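Scope of the values below: all heavy atoms of this structure, side chains included, with no hydrogens, waters or symmetry mates. Position 1 is the first residue of the sequence, and the numbers go up from there. This is a predicted model, so every value here is computed, not measured.
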Amino acid sequence: MKLSPYFYDLRSAYQAELDDLVSDSEGKDVLRKRLSEKRNEIAFLVQMMELAPEMVAVVFHQGFRFTKPAAMEHLLSLPVDELPDWQGLTHAITLEPWAASLAQTVLREPKGARFMVVAAGLEYLQQHARLAHHAASSAEGDSDAEDGEDAAEHDDDYNALSADDAADPQNSRSREEASSNWLSDVGFDRKD
């Protein structure tokens, strides 16, 4: 994937912003709580869309489903002044219901449509990096298995029904199960 300088620079800032939200001073995982707080402040945060898009884009973390990866990869190669309009990108993206309501608030702003394109690009990069990491880990495990060694365990086990996976789970029950599995994997108690 070829990144434009704009997305190349923003990618690490976005990842750093997510990393800052993950744990508190005691090391406890508080990402879900902090993202919820940020999402409740979207009316205020939209003021920072142009100045610090990575700080606002995190509110859409896990809110996009990418149905046309090729369109996203093309988007990420474009200079900032050539980014498509949000409406021109909606064929390649589906918003989670909770994210759609946040998007309505953002799209009311003068530069909201452009920001939504940037947020989608940043989240695609974040998901792509996670999947690429898993693929590399799996390939490493496969080569270990071929050599007769045990495959190494990884902290980021990939589940085909991950709550933020681009592929649609079969039904709402499997989506709910995937969501519970993911939350459990990152340290939350199951609600069963």
To the nearest 0.5 Å, how far apart are CG in Leu107 and CD in Gln104?
-> 8.0 Å
With a 4.5 Å limit on heavy-atom distance, are the side chains of Glu109 and Met49 in contact?
-> yes
Does the side chain of Pro53 reach to within under 4.5 Å of the side chain of Val118, using non-hydrogen atoms?
-> yes
Exercise answer: donor-acceptor pairs, residues 85-93 side-chain atoms, under 3.5 Å, sequence neighbours excluded:
from  : atom 1 : to    : atom 2 : distance (Å)
Asp85 : OD2    : Gln87 : N      : 3.3
Thr90 : OG1    : Gln87 : O      : 3.0
His91 : ND1    : Gly88 : O      : 3.2

Side-chain touch Leu95/Arg65, heavy atoms, less than 4.5 angstrom | no
Can you tell me how far CG of Asp29 sits from CG of Leu21, rounded to the nearest 0.5 angstrom?
-> 10.5 Å
Cluster overlap Val30 with Val59, hydrophobic side-chain contacts below 4.5 Å = no
Residues in side-chain contact (heavy atoms from CB on, under 4.5 Å) with Gln47, at least two apart?
-> Phe44
Chi angles and distances behind the side chain to side chain contact (heavy atoms under 4.5 Å, CB included) call for Gln126, His61 = CA-CA 9 Å; Gln126 195 275 335; His61 180 58; 3.5 Å; yes
Grab the two heavy atoms, one from Met116 and one from Ala103, that are nearest each other, plus how far apart they are.
-> CE-CB, 3.6 Å
Test log, rule side chain to side chain contact (heavy atoms under 4.5 Å, CB included), inputs Asp24 and Lys33 = CA-CA 11 Å; Asp24 63 10; Lys33 177 184 176 206; over 6 Å; no
Enumerate donor-acceptor pairs with a distance under 3.5 Å from any side-chain N or O in residues 73-82 to protein atoms, sequence neighbours excluded.
from  : atom 1 : to     : atom 2 : distance (Å)
Glu73 : OE2    : Tyr124 : OH     : 2.9
Ser77 : OG     : His74  : O      : 2.6

Test item: Met55 and Leu45 side chains (from C-beta on) under 4.5 Å apart, heavy atoms | no
Mind checking what makes side-chain contact (heavy atoms from CB on, under 4.5 Å) contact with Thr105, not counting sequence neighbours?
-> Ile42, Arg108
Donor-acceptor pairs under 3.5 angstrom involving side-chain atoms of residues 6-20: please list them, not counting sequence neighbours.
from  : atom 1 : to     : atom 2 : distance (Å)
Tyr14 : OH     : Glu123 : OE1    : 2.5
Gln15 : NE2    : Asp19  : OD1    : 2.9

Quick one: closest heavy-atom pair of Ala57 and Leu122, and the distance?
-> CB-CD1, 4.0 Å
Backbone N/O of Glu50 and side chain of Arg114: donor-acceptor pair under 3.5 Å | no
All ring pair (Phe, Tyr, Trp, His ring centres under 6.0 Å) counterparts of Phe115, not counting sequence neighbours = none
Taking the side chain as every heavy atom from C-beta outward, state whether Arg39 and Trp98 have any pair of such atoms under 4.5 Å apart.
-> yes
